[in-house]
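Owing to the predicted nature of the structure, the values given are computational and were not obtained by experimental measurement. Each chain gets a letter, A, B and so on, in the order the sequences are listed, and its residues count up from 1.
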Amino acid sequence: MMLTVEARHRQGNFALDASFTAEGGVTAIFGRSGSGKSTLLRIIGGLLRPDSGRVALEDRLLLDTGARVSIPVHRRRFGHVFQEPRLFPHLSVRQNLNYGRWFAGLSADRSEFDRVVDLLGLGSLVDRRPGRLSGGEKQRVAIGRALLSSPRMLLMDEPLSALDDQRKAEILPFLERLRDDLKMPILYVSHSVPEVGRLADRVVMLREGRVDAIGTPSEILGIASVETGREAGSVISGRVLRRDPETGLFGIATRAGEVLLASEGLAIGKMVRLRIPAREVLLATQRPEGISALNVLEGHIAGIVPIRSGTMDIRVLCGGDIVHAQITEASVKRLSLAEGTHVFAVIKTVALDQA
Amino acid sequence: MMLTVEARHRQGNFALDASFTAEGGVTAIFGRSGSGKSTLLRIIGGLLRPDSGRVALEDRLLLDTGARVSIPVHRRRFGHVFQEPRLFPHLSVRQNLNYGRWFAGLSADRSEFDRVVDLLGLGSLVDRRPGRLSGGEKQRVAIGRALLSSPRMLLMDEPLSALDDQRKAEILPFLERLRDDLKMPILYVSHSVPEVGRLADRVVMLREGRVDAIGTPSEILGIASVETGREAGSVISGRVLRRDPETGLFGIATRAGEVLLASEGLAIGKMVRLRIPAREVLLATQRPEGISALNVLEGHIAGIVPIRSGTMDIRVLCGGDIVHAQITEASVKRLSLAEGTHVFAVIKTVALDQA
Amino acid sequence: MDVIALSAEEWTAIRLSLRVSIVATLASLPFGIALALLLARGRFWGRSVLNGIVHLPLILPPVVTGYILLILFGRRGAIGSFLAEQLGIVLSFRWTGAALACAVMGFPLMVRSIRLSIEAIDAKLEEAAGTLGASPLFVFLTVTLPLMLPGVIAGMILAFAKAMGEFGATITFVSNIPGETQTLSAAIYTFTQVPGGDAGALRLTLVAIAISMLALLASEALARVIGKRIEGE
Amino acid sequence: MDVIALSAEEWTAIRLSLRVSIVATLASLPFGIALALLLARGRFWGRSVLNGIVHLPLILPPVVTGYILLILFGRRGAIGSFLAEQLGIVLSFRWTGAALACAVMGFPLMVRSIRLSIEAIDAKLEEAAGTLGASPLFVFLTVTLPLMLPGVIAGMILAFAKAMGEFGATITFVSNIPGETQTLSAAIYTFTQVPGGDAGALRLTLVAIAISMLALLASEALARVIGKRIEGE
Amino acid sequence: VLPQRSDAADKIVVFAAASMKNALDAANAAYLKETGTEVTSSYAASSALAKQVESGAPADVFISADLDWMDYLAKKNLIKADSRSNLLGNRIVLVAAKDKAKPVEIKAGFDLAGLLGDGRLAMGSVDSVPAGKYGKAALEKLGAWSSVEKKVAGAESVRAALALVSRGEAPYGIVYETDAAAEPGVSVVGVFPADSHPPIIYPVAVLADSKNPAASAYLQFLKSEKAAPFFTSQGFTILK
Ligand SMILES: Nc1ncnc2c1ncn2[C@@H]1O[C@H](COP(=O)(O)OP(=O)(O)OP(=O)(O)O)[C@@H](O)[C@H]1O
Ligand SMILES: Nc1ncnc2c1ncn2[C@@H]1O[C@H](COP(=O)(O)OP(=O)(O)OP(=O)(O)O)[C@@H](O)[C@H]1O
Ligand code: MOO
Ligand SMILES: [Mg+2]
Ligand SMILES: [Mg+2]
């Protein structure tokens with residue numbers, strides 16, 4: 001499902017002028033506070049009519065200010081998780097969760113409800129009013145409410161920012177399943193590089209209302225830019241090859257060679273994406289021995305870029321994938337690293353995230 | 001300044017029963033969504049009168065339900081940053097920021113205002129109303145408002161969760177300065193292990209309304225518990241020894257040996273704390289050569305604990321400090337690691353955070 | 001307690017007043033909500049004029065309002081004759097006319113209260129409902145309406161109380177016919193106009209107070225229940 | 001435009017009405033706010049009774065309210081004699097008495113509006129103000145009061161409009177003395193009581209409408225300005 | 001029970017000035033007993049009643065508190081001219097609060113202003129209330145008006161004026177004798193000479209639109225000896 005967005009809008013001193021297309025999967029919207037992320041989501045969701053613009057999902061035109069087309073919000077059926085919970089204060093948690101299901105027609109499938117309640121840990125809260133929930137609990141209800149409205153697409157504005165890591169770790173696989181199984185397009189605003197690296201097929205980087213960069217997570221997040229800060233990294237993909245019966249680790253065949261990954265329930269033959277944080281990659285000029293890191297990828301240095309004083313971003317071309325490594329300038333000098341140097345990228349297995 | 005807290009309170013099905021003492025500096029309150037963090041802060045701040053309890057700051061009794069003492073909120077003068085911004089909608093950003101200054105007496109120091117506005121990037125927003133701000137902008141105004149009220153203590157409920165990494169990186173040093181220079185006690189609720197590791201002198205872990213654990217960040221966050229997830233790590237402290245004129249790196253003398261750190265503006269002789277994420281520590285049975293990592297600490301394994309299937313937490317006693325490393329079970333076997341094994345902990349310089 | 005022994009005629013007036021007040025309140029409610037919405041949310045030319053017209057019954061002496069009603073809705077009035085001929089609805093000198101007069105007199109109070117509540121609603125919640133698939137009508141019924149309930153209740157109680165106390169417009173429009181248009185207030189007024197009527201006036205006044213207090217208490221209880229449900233945020 | 005040529009007496013009535021209505025509205029405002037706060041936030045025994053008493057002028061026929069005022073605030077009344085002797089404030093047959101009557105009649109409308117606005121305020125904002133060091137009084141002045149402004153304005157406009165239209169209680173309490181207590185409404189009423197007075201009544205009615213419309217427009221504009229300032233959230 | 005346009009016969013609808021309630025209620029009760037015909041009375045201000053008749057009120061008989069409003073209807077041919085008659089008369093009197101009552105001789109040039117001092121003279125509103133109009137006429141005739149004009153407190157009704165006197169708000173008041181008689185808080189201190197003001201008359205007539213054959217019989221009853229006591233006991237005078 002192809003989403004096409006073009007929007008120009010002025011509010012106060014702020015001018016939004018953004019256009020991008022996104023094909024299925026998760027598109028992360030990344031950018032500093034005030035860069036226009038929420039505004040863009042509001043336009044796509046039909047809550048804000050831009051001064052001029054065009055929004056289309058697949059062959060369905062949702063907005064065209066030129067042609068005076070504008071499908072109203074409720075007919076777009078985009079599940080919108082707002083930056084603040086926006087729960088209905090007069091309805092119980094259960095009624096809040098069920099609100100969108102009224103309009104979703106036959107999806108009145110109780111098991112779906114139970115599954116979402118379970119996923120979000122809302123079991124003991126369903127009979128409460130929103131006024132009596134904690135901040136994170138509210139946010140979870142808001143996520144559940146959007147998920148249960150059988151949306152055609154999800155617009156999520158920093159949905160997980162108020163949640164603890166464990167809860168995030170439970171919700172993310174669910175979003176991945178939506179992305180993969182239901183092929184539901186998701187626009188995902190986040191400040192968290194690990195989240196984005198894990199979920200996103202594509203990153204749209206906004207800066208002061210304009211699209212600054214657009215590309216795959218590894219392209220965008222690999223650039224150790226001001227925006228991504230220290231969480232820069234690479235994303236490479238590969239196919240699950242085997243599972244070592246003894247260690248339980250999965251071997252993933254990537255273009256850079258085989259990589260071992262600790263994970264649960266990966267199906268042999270499935271495609272997976274791995275996020276490698278650049279700061280966690282060591283470079284060695286000879287194959288290291290007697291070391292705990294299980295993954296050692298061989299390659300050549302394709303580029304060296306200084307990021308901030310004393311720190312360099314090294315692009316290592318391994319097979320056909322680029323692996324970014326952040327190392328100190330001191331190390332670059334000491335090891336005499338230069339473009340073309342033959343190196344080993346050392347990556348701890350535990351450092352690898354399934355993205 | 002010693003804060004003593006004892007509180008028992010019941011709201012709905014939830015029962016809080018927490019007590020702890022905290023001496024100066026930053027006390028992080030850590031715990032899953034719904035564990036009672038905000039409730040605890042409300043009690044300390046004087047917004048909620050617990051069923052029974054006692055709160056004292058230094059020798060000043062703020063609340064004692066037994067003795068029927070309860071200093072009202074506005075006389076406690078605890079800057080409270082709430083989980084949601086709670087800005088005054090009828091006042092401009094400037095008026096919101098200045099609100100607390102009215103009561104702070106002579107602190108009507110303009111430079112202070114300018115400094116906070118600058119720090120939080122609010123310069124272009126001061127004449128706007130809160131209704132026209134983005135989510136992150138609101139949160140920043142709320143932080144500024146609390147900072148400018150000349151508080152005796154700060155109670156911060158997930159203050160940075162809506163902010164991008166760069167902004168966080170700008171605000172954190174400011175909070176550190178408050179902690180160090182003004183010796184202002186700060187209670188800091190957060191789900192972010194790096195934030196807590198960096199700021200906190202002490203972590204109070206809440207679980208279902210009870211204090212589950214309390215201790216230094218390295219004690220609490222080193223335990224790779226369910227709550228901290230993958231962000232577990234160690235915190236070690238040392239004194240700034242020297243600055244390498246060539247590489248610009250600082251040498252920090254720790255009990256585990258000298259450690260190199262890339263940082264800016266560290267004063268020689270100053271004490272600093274370093275956070276070492278456990279997942280970023282490699283272990284080697286022989287001193288690695290030709291490798292980019294500049295920090296290699298020698299020690300003995302003091303303990304091995306499985307964390308989750310296939311992953312182990314290894315405690316390495318280096319000098320007198322404990323460094324945690326998370327490695328795969330496979331590596332443990334392959335390198336025949338056991339208690340007492342002589343190992344090298346390999347830590348990339350860029351992986352080190354000043355905490 | 002002779003004072004409280006009520007004559008059959010007085011009972012009739014009480015029943016009539018209740019009927020008139022309740023009908024006036026309920027019948028004007030949909031219009032009150034519609035107008036409050038229009039005034040709170042509408043952006044159209046003539047909004048101020050409409051607002052002014054709604055307030056007229058408050059501004060004018062009740063007698064004048066009564067005369068205007070008589071001229072418009074009387075048997076020979078422009079609207080009255082149309083209603084009578086086309087719809088068979090006769091208002092003049094009927095209790096229905098009394099209800100109309102009370103409704104008109106209470107209307108500005110009702111509209112203002114409801115409007116105030118609408119203006120206090122956070123439009124973000126309505127947006128959220130829209131994103132969940134609710135059409136504007138549904139959003140109104142499931143979000144706006146429940147959230148404006150405090151104002152609706154306040155408006156209804158004001159209108160009801162006003163209807164119980166109103167007699168100037170009523171007596172001018174539909175006269176003071178026992179059993180048909182003589183409401184409690186009109187009966188009280190009549191008592192005040194004759195020598196020795198004070199005791200009668202006092203007795204009926206106490207009855208009027210008792211009824212309205214009950215209505216007030218009921219409305220407060222209702223508002224509390226709703227408030228408790230919403231509470232917090 | 002002969003109809004609109006007003007006599008000197010009529011001008012006097014207009015000026016008086018304005019004075020009475022404005023004074024009634026402003027003088028009752030602090031009490032209205034205090035009572036609205038008490039009713040909205042207070043949890044005390046007798047709250048319902050107090051609420052009932054505030055609503056009484058709405059429930060009772062204005063003539064009855066006028067009599068009650070006469071009994072309480074008249075020269076020999078319990079409160080009236082105290083005011084006259086201790087404070088030198090004489091209300092009977094004075095425009096101040098008319099203002100009192102108008103204030104009393106408009107009071108339930110004012111209190112309800114303000115109360116509704118108070119109940120719509122998010123208490124979390126008041127909490128936040130407290131944490132910044134503001135004492136309860138300061139919180140009230142800087143947060144609560146500004147946020148309840150829409151209700152205060154609505155309440156004032158209702159009270160003002162009511163004061164412009166009120167005459168039953170006024171004439172009963174302070175009579176109909178040209179230049180002292182004969183308000184516009186009373187003058188209109190007088191016209192309606194004489195055969196052929198219709199033209200005069202119409203003329204003054206138009207004046208009353210014009211004044212109130214101006215007040216309404218001003219209040220709407222004010223409310224818009226405030227609304228724009230708050231807007232969003 | 002709905003009062004149909006009174007061609008539905010047996011029930012008679014009377015529109016009467018509010019001040020007649022006591023007397024008329026008693027008379028109507030007697031009429032019901034005697035004839036079995038029920039009479040429903042609607043009491044309001046004569047002005048309102050007249051306007052209602054004008055707009056088609058379902059009334060059979062109108063009793064006005066003054067001639068003006070009856071004339072108003074007569075001019076518009078809304079009453080049966082031949083049925084019109086003057087039913088009752090009344091007198092206006094000067095009253096004072098009971099404890100302060102001293103007889104006053106009411107004659108040309110009497111010093112009412114002096115009696116009032118800085119007090120007010122309570123009376124029906126001189127423009128709108130009939131008793132007020134009569135009182136003003138009398139004072140003019142007696143030469144007292146110009147000196148008391150500024151002291152007049154015009155009440156909304158005679159009853160309200162009485163209340164002002166009995167409550168001590170005003171030292172003196174001008175009211176109907178009928179009302180003064182029934183108010184224990186006041187004493188009559190003087191009676192205005194009948195020739196000092198236009199005759200106080202309560203005219204009665206059958207309305208032009210009335211199709212109720214019983215209406216004229218009812219009028220006859222009101223004028224009969226049988227009804228007279230109900231009126232005289234309230235202080236009205238019977239006009240022949
Ligand atoms: N007004 C209330 N009435 C009843 N229960 C409440 C109320 N407010 C909060 N709770 C419950 O109390 C518990 C603690 O809430 P609290 O807000 O302190 O959690 P928290 O640790 O701050 O969570 P979060 O990280 O989600 O903000 C939660 O289980 C919550 O559901
Ligand atoms: N109603 C408004 N009127 C004027 N300007 C506004 C309004 N709402 C937002 N803005 C401005 O528009 C810009 C974009 O806002 P937006 O909410 O889209 O930012 P954002 O990227 O979502 O930021 P955050 O991460 O802080 O939520 C900001 O500079 C903000 O100040
Ligand atoms: O691998 Mo490093 O960051 O140069 O020590
Ligand atoms: Mg946003
Ligand atoms: Mg919380």
Taking side chain as everything from C-beta outward and backbone as N, CA, C, O, which of these in Lys333(B) sits under 4.5 Å from a heavy atom of chain A? Side chain, backbone, both or neither.
side chain
In terms of heavy-atom contacts, Glu280(A) and Glu280(B) come closest through OE2-OE2, 2.8 Å
With respect to Ile291(A), which candidate in Ile291(B), Leu335(B), Leu283(B) satisfies the side-chain contact (heavy atoms from CB on, under 4.5 Å) definition?
Ile291(B)
Looking only at Ala284(B), Ser134(B), Gly136(B), Gly290(B), most heavy-atom pairs under 4.5 Å shared with chain A are made by Gly290(B)
Heavy-atom pairs under 4.5 Å with chain B - which of Ala162(A), Ala325(A), Ala330(A) has more of them than the others?
Ala162(A)
Ser38(A) OG to Leu133(B) CG distance, which is reported to the nearest 0.5 Å:
12.0 Å
Interface moiety of Val346(A) toward chain B, non-hydrogen atoms closer than 4.5 Å
side chain
Measuring from Glu329(A):CD to Leu249(B):CG, what's the distance to the nearest 0.5 Å?
9.0 Å
Most heavy-atom pairs under 4.5 angstrom with chain B, which of Gln83(A), Gln286(A), Glu158(A), Arg334(A)?
Arg334(A)
Asp164(B) and side-chain contact (heavy atoms from CB on, under 4.5 Å): which single residue from Ser192(A), Ser35(A), Ser33(A), Ser190(A) fits?
Ser33(A)
Measure the shortest side-chain to side-chain distance between Arg167(A) and Arg32(B) over non-hydrogen atoms and say whether it is less than 4.5 angstrom.
yes
If only atom types and distance count, is the side chain of Lys348(B) paired as donor or acceptor with the main-chain N or O of Thr328(A) below 3.5 Å?
no
Mind checking the OG-NE2 spacing from Ser161(A) to His191(B)? Nearest 0.5 Å is all I need.
9.0 Å
From Arg128(B) atom CZ to Phe14(A) atom CZ, the distance as rounded to the nearest 0.5 Å:
9.5 Å
Glu137(A) versus chain B, the contacting section by heavy-atom distance below 4.5 Å
both
Distance (rounded to the nearest 0.5 Å) between Lys138(B) NZ and Glu84(A) CD:
5.5 Å
Within a reach of under 6.0 Å around CD of Gln11(A), are more than 12 heavy atoms found that belong to other residues, nucleotides or ligands?
yes
